[in-house]
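Structure, as structure tokens:
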Amino acid sequence: MKIAVAGTGYVGLSVALLLSQHNEVHALDIVPEKVEMLNRGKSPIVDTEITRFLNGKQDGSMPLNFTATLDPKQAYAGADYAVVATPTNYDPQKNYFDTSSVEAAIAAIREQNPTAWIVIKSTIPVGYTADLRKKLGDKRIIFSPEFLREGHALYDNLYPSRIVAGAPVDDEEATDAARAFVDLLAHGADPAELERTNADGTVGIPQLVCGTTEAEAIKLFANTYLALRVAYFNELDTYAEARGLSAREIIKGVCLDPRIGDQYNNPSFGYGGYCLPKDSKQLLANYANVPQNLIGAIVAANSTRKDFVADEILARVGEKMNPIVGIYRLTMKSGSDNFRQSSIQGVMKRIKAKGITVLVYEPTLNAPDFFGSEVTHDLDAFKRRADVIVANRWNAELSDAADKVFTRDLFRRD
Ligand SMILES: NC(=O)c1ccc[n+]([C@@H]2O[C@H](COP(=O)([O-])OP(=O)(O)OC[C@H]3O[C@@H](n4cnc5c(N)ncnc54)[C@H](O)[C@@H]3O)[C@@H](O)[C@H]2O)c1
């Protein structure tokens, strides 16, 4: 089967490589450097499995049928499915996702191919697919939410928590296409996954085909729950810090309840990354005229946490003349090179607004400054020059400067 993918970011590239094990896949991007890198077998993003697949294709040990291209005709003409995985950034002016890249990709697909099933994998507002199908008069558009984690993008498709696709419930043909797309993704997963036993006793990868609007809601409610969980343990930590209590002991005791569980509970400077901040804001926007308290609180909690963290840092700086606050890594997670919407940036903005000089240690950033703050790759000089070192995640290389470090990474994990 010929499959086209629009966008070769975390989502598009991982889906494209997964499907290229059993299908002919053409992935289109509008950035020539990305296309060129991919066709040389190099990954534009840090991801162990993506690198393994691209290396395997290059040396011939993995027979993947994958090409990257800038040419819409090569990618889209004759494709059975065209997967759209382009960005949907949150537009603070409109208070909604900017879906223009999805619409541009769909227009480009339809110019070459009037019949391909278009599967939107980008995260979109609740109700978007139904509105677009109506607006374009195009019944061959469906939606499949993506649940991968950045840095584990292809891994999470090889070992998926679940596969979901949405089609209008009264449209049999679209529902069949959604089911067939779920099968394609499941076929690409590690074969052992088909035999796995899930927590509820079921065997295989959990699969769900539902309405498009429900599928869109699944994505936004799942990410907003994750944001809630981060915000909850962060607020617990804020309370413990403010009252001089051990957050570590409280979290341990709380999470021994198996209904709560000892995962995803390590305090941080806030939830971040590309998806959680924007998806929770989009869900709040979707609640217009629907009563709620919690969704708004989840969005607001992230700013409150960053305010608190910034105040804690300022308290450590104290009355020192011309202090330097060192930011150890801009990334959200250890071992990552990605700092889109990382929470430490919100903390930086707050302390810079108080006139504090900020020095950034970020080895993956090849620029002399970051929003006007000096960037260094010299860790020793960084540790020497900073009066306080702020680390969202601890790293052993900070050990010899531990007395300067401010972190809330209590459990030394992401
Ligand atoms: N990153 C994640 O963890 C994640 C997880 C689930 C869902 N999502 C959603 O998936 C979508 C894509 O996210 P991402 O992280 O892969 O984004 P990304 O920014 O890493 O990649 C998007 C790619 O699309 C390309 N692009 C832009 N316009 C295009 C067009 N018209 N045609 C073809 N390519 C185009 C860009 O050049 C870029 O390479 C977003 O809606 C996001 O919310 C992301």
Side-chain angles (χ1 to χ4, degrees), residues 4-18 26-38 43-47 49-50 68-76 79 82-91 96-113 118-126 128-129 143-157 160-164 185 215-216 218-224 226-227 271-283 331-333 336-342 414:
V5 177
T8 62
Y10 292 86
V11 174
L13 187 52
S14 56
V15 169
L17 288 173
L18 181 95
H26 296 264
L28 180 140
D29 207 289
I30 52 174
V31 178
E33 295 77 22
K34 283 193 180 182
V35 169
E36 189 264 327
M37 269 183 93
L38 286 167
S43 175
I45 51 183
V46 172
D47 187 293
E49 290 299 320
I50 288 177
T69 182
L70 291 165
D71 177 6
K73 188 161 186 220
Q74 183 194 333
Y76 303 141
V83 178
V84 177
T86 61
T88 48
N89 299 337
Y90 187 78
D91 179 341
Y96 235 66
F97 281 163
D98 174 357
T99 51
S100 55
S101 78
V102 173
E103 279 138 51
I106 290 176
I109 293 163
R110 279 293 176 249
E111 237 175 70
Q112 304 295 335
N113 189 328
I118 294 178
V119 184
I120 303 175
K121 266 261 162 208
S122 301
T123 304
I124 46 180
V126 181
Y128 177 81
T129 309
F143 171 68
S144 171
E146 176 57 62
F147 301 106
L148 61 78
R149 296 162 300 164
E150 289 182 1
H152 305 273
L154 181 49
Y155 180 93
D156 286 345
N157 272 297
S161 53
R162 71 283 211 199
I163 302 175
V164 178
L185 292 178
E216 291 154 354
I218 287 170
K219 176 63 197 168
L220 293 188
F221 275 101
N223 266 1
T224 305
L226 296 176
Y271 58 81
Y274 182 41
C275 294
L276 299 196
K278 76 177 179 86
D279 292 3
S280 48
K281 284 182 192 158
Q282 176 58 52
L283 184 59
T331 46
M332 274 308 289
K333 296 181 178 178
S336 156
D337 71 332
N338 178 0
F339 44 85
R340 286 196 287 190
Q341 309 294 321
S342 62
D414 284 329

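Order of appearance sets the numbers: ligands from 1, and atoms from 1 within every ligand.
Rounding to the nearest 0.5 Å places OH of Y90 at 6.5 Å from CD of Q282. One distance of note links CG of N157 with OG of S14; it measures 4.5 Å at 0.5 Å rounding. With rounding to the nearest 0.5 Å, the separation of CD1 in I163 from CG in L185 is 5.0 Å. The line from OH of Y10 to CG of D47 is 8.0 Å long, rounded to the nearest 0.5 Å. Here E150 contributes atom CD and R340 contributes atom CZ; the two are 4.5 Å apart, rounded to the nearest 0.5 Å.
Residues S100 and D98 have side chains that bring a donor and an acceptor to within less than 3.5 angstrom of each other. Side-chain N/O atoms of Y274 and N89 include a donor and acceptor closer than 3.5 Å.
For atom 28 (N) of ligand 1, the closest non-hydrogen atom of the protein is I30 CD1, 3.4 Å. In terms of protein heavy atoms, atom 36 (C) of ligand 1 is closest to D29 OD1, 3.5 Å. At the top of the distance list for atom 21 (O) of ligand 1, counting protein heavy atoms only, stands G9 CA, 3.1 Å. Given atom 12 (C) of ligand 1, the protein heavy atom at minimum distance is T86 O, 3.6 Å. Here the protein heavy atom with the shortest distance to atom 6 (C) of ligand 1 is E146 O, 3.2 Å. Counting protein heavy atoms only, atom 8 (N) of ligand 1 is closest to V11 CG2, 3.5 Å. Scanning the protein for heavy atoms near atom 41 (O) of ligand 1, the closest one is T88 OG1, 2.6 Å. Atom 31 (N) of ligand 1 has its closest protein heavy atom at S101 O, 3.8 Å.
Counting all heavy atoms, side chain and backbone alike, V15 lies closest to K121 at CG2-CD, 4.2 Å.
The atoms of ligand 1 that sit less than 4.0 Å from any heavy atom of E150 are 1 (N), 2 (C), 3 (O). Of all atoms in ligand 1, numbered sequentially from 1 with element shown, those under 4.0 Å from a heavy atom of V31 are 37 (O). Within ligand 1, counting atoms from 1 as listed, the ones closer than 4.0 Å to a heavy atom of L148 are 2 (C), 3 (O), 5 (C). In the vicinity of K219, heavy-atom distances shorter than 4.0 Å reach the ligand 1 atoms 6 (C). Listed by atom number, the atoms of ligand 1 under 4.0 Å from P87 heavy atoms are 22 (C), 24 (O), 27 (C). For ligand 1 and K34, the ligand atoms under 4.0 Å from any heavy atom of the residue are 38 (C), 39 (O). Close contacts of ligand 1 with G7, meaning ligand atoms under 4.0 Å from a residue heavy atom, involve 23 (C), 24 (O), 25 (C), 33 (C), 34 (N).
Here L28 has heavy atoms under 4.0 Å from ligand 1 in both its backbone and its side chain. Under 4.0 Å from ligand 1, not a single heavy atom of I45 appears. Residue contacts with ligand 1 for A153 are absent, since no atom lies close enough (heavy atoms, distance under 4.0 Å). Contact annotation: for Y274 versus ligand 1, heavy atoms closer than 4.0 Å belong to the side chain alone. By the criterion of a heavy-atom distance under 4.0 Å, the side chain of R340, and not its backbone, is placed next to ligand 1.
S101 places a side-chain N or O within 3.5 Å of a backbone atom of P87 that can act as its donor or acceptor partner. Judged purely by atom type and a 3.5 angstrom limit, T331 has no side-chain atom pairing as donor or acceptor with the backbone of N338. Side-chain N or O atoms of T86 include none that pairs as donor or acceptor with a backbone N or O of G7 at under 3.5 Å.
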What verdict does the side chain to side chain contact (heavy atoms under 4.5 Å, CB included) test give for L226 and D279, after you've listed the backbone C-alpha separation in whole Å, the side-chain angles of each residue and the deciding distance to 0.1 Å?
CA-CA 11 Å; L226 296 176; D279 292 3; over 6 Å; no
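Not one N or O of R149 is nearer than 3.5 Å to an N or O of ligand 1, by distance alone. At least one N or O atom of K278, backbone or side chain, sits closer than 3.5 Å to an N or O atom of ligand 1. Taking any N or O of T123, backbone or side chain, at least one lies under 3.5 Å from an N or O belonging to ligand 1.
In this structure the side chain of F147 reaches within 4.5 angstrom of the side chain of K219, judged on heavy atoms.
Around atom 44 (C) of ligand 1, the closest heavy atom drawn from A85, C275, A4 belongs to C275.
Checking each of D29, L38, L18 against L13 for a side-chain contact (heavy atoms from CB on, under 4.5 Å) leaves exactly one that passes, namely L38.
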